[in-house]
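As the structure is a prediction and not an experimental result, all values here were calculated from the model. Whatever order the structure lists them in is the order used to number ligands and atoms, beginning at 1.
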Amino acid sequence: MREVTATRYVTALREGGSLPGLVEADDDGLYVVKFKGAGQGASALVAEVVAGELGRAIGLPIPELVGVSVPPELGHAEPDPEIQELIEASPGLNLGMDFLPGALPFALNEERDRAPEQGDFYADVLWFDALVTNIDRTPRNPNLLAWHRKTWLIDHGAAFFRQHGNEPLGQTAHSPTPSLKEHILLPVAGSLADAGARHAERARNSIEAAVAEIPEEWLGENPGLGRSEFIAFLNRRIDGQDCFIEELENGR
Ligand SMILES: Nc1ncnc2c1ncn2[C@@H]1O[C@H](COP(=O)(O)OP(=O)(O)OP(=O)(O)O)[C@@H](O)[C@H]1O
Ligand SMILES: [Mg+2]
């Protein structure tokens, strides 16, 4: 990931549960920043990076991710004490996603969604979400944006959700994930087996590079959860993809 330094806190994106902020950086770019001082701490940012980099590696449209260095004075001009506290609790590196200006919320569209290539794309997204156990793409909260005639994937903070449980993440790779039945694209996605055939090999070859992108300073928080846990988890998910594909196909 590139690293940039935040120069201005522009506004809070209040629809986001983790209170992400729109931030300007020293490269003149605008980024949606997730702060490590928010609810789930750095582990949600780790999930964003591993899932985001892996998804982009298999060709899914995911805006660029950057490390955003947040200087303490960024919050000084901010009148809202909640935001000031969040910024103060987030020194060092935070996660930025390239802001897509004017992006619209995603909506299913009957005419477009009848095209077979659209069903294939939706199957690719669903297969990817199943791979990384991202349970946060539901009709209520699709975390998909329509921008420049493409559908973009955002918000992978809930991926690898079992990293918050008691078992080591790598050992949870074959656990069923019933929440994926709520996925917004399940009713319209094409064949998941075909999506797996399209992407499994590239995904497997991209795991190490994606995991290598995790900034070291985000890993210190949870000593039991290092890079090797993510690598083991993802390799086992791919080995066992037939199981999650069957689970999803049975849920239609
Ligand atoms: N790259 C982006 N470009 C444009 N808008 C974005 C981008 N990323 C996020 N947003 C907007 O900000 C909102 C909140 O972002 P996001 O979903 O990533 O945050 P969150 O706190 O994890 O949210 P959630 O409540 O879904 O857990 C999105 O629903 C979207 O409207
Ligand atoms: Mg969201």
For [atom], which protein heavy atom lies nearest, and how many Å away is it?
atom	result
atom 7 (C) of ligand 1	V32 CG2, 3.5 Å
atom 16 (P) of ligand 1	D155 OD2, 3.6 Å
atom 21 (O) of ligand 1	S18 OG, 2.6 Å
atom 3 (N) of ligand 1	L100 N, 2.9 Å
atom 25 (O) of ligand 1	G17 N, 2.7 Å
atom 28 (C) of ligand 1	I154 CD1, 3.7 Å
atom 1 (N) of ligand 1	D98 O, 2.9 Å
atom 13 (C) of ligand 1	E15 CG, 3.6 Å

Fill in: Heavy atoms from other residues, nucleotides or ligands near CG of N166 exceed 12 (cutoff 6.0 Å)
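Result for CG/N166: open.
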Q.
Between L13 and V23, is there shared hydrophobic-cluster membership here, with clusters defined by ILVMFWY side-chain heavy atoms closer than 4.5 Å?
A.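 Different hydrophobic clusters.
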TODO: Measure from the Mg ion (ligand 2) to each N, O or S atom of N143 and report whether any distance is below 2.8 Å.
DONE: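 Checking the Mg ion (ligand 2) against N143, an N, O or S atom does fall under 2.8 Å.
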Practice problem: Please work out which of M97, H156, R137, K34 has its closest non-hydrogen atom nearest to atom 18 (O) of ligand 1. | Solution: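 That would be K34.
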Does the pair [X]/[Y] count as a salt bridge with the N-to-O cut at 4.0 Å?
X	Y	value
R137	D155	no
R56	E53	yes
E111	R114	no

Contact summary for A51 and H156, nearest pair of heavy atoms
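That closest heavy-atom pairing would be CB-CB, 3.7 Å.
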### Task
Taking all heavy atoms of L65 and all of G52, pick out the closest pair and write down the distance.
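Scanning both residues completely, I find the closest heavy atoms to be CD1-CA, 4.0 Å.
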Classify the contact between P20 and ligand 1 as side chain, backbone, both or neither, using a heavy-atom distance cut-off of under 4.0 Å.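 Side chain only; the backbone of P20 stays clear of ligand 1.
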* Asked: What part of N143, side chain from CB on, backbone N/CA/C/O, both or neither, has a heavy atom under 4.0 Å from ligand 1?
  ->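 The answer is the side chain.
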Notebook entry, point to check: Numbering the atoms of ligand 1 from 1, which are under 4.0 Å from a heavy atom of L13?
Noted result: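 Contacts of ligand 1 toward L13, numbered from 1: 12 (O).
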* To do: Could you list the atoms of ligand 1 found under 4.0 angstrom from a heavy atom of N141?
  =>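 What qualifies from ligand 1 is 24 (P), 26 (O).
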**OP:** Only one of T5, I87, V68 passes side chain to side chain contact (heavy atoms under 4.5 Å, CB included) with L74; say which it is.
**Re:**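 Of the listed options, the one satisfying the test is I87.
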- prompt: Is it true that a side-chain atom of R237 and a backbone atom of V132 form a donor plus acceptor pair closer than 3.5 Å?
  reply: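 No, R237 side chain to V132 backbone: no donor-acceptor pair under 3.5 Å.
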Name of whichever N/O/S atom of D155 is nearest to the Mg ion (ligand 2) |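 Nearest to the Mg ion (ligand 2) within D155's N, O and S set: OD2.
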Students often mix this up, so state it plainly: with edges at 30° and 60°, are the rings of F160 and F233 parallel, tilted or perpendicular?
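Taking F233 first and then F160, their aromatic rings stand perpendicular (interplane angle over 60°).
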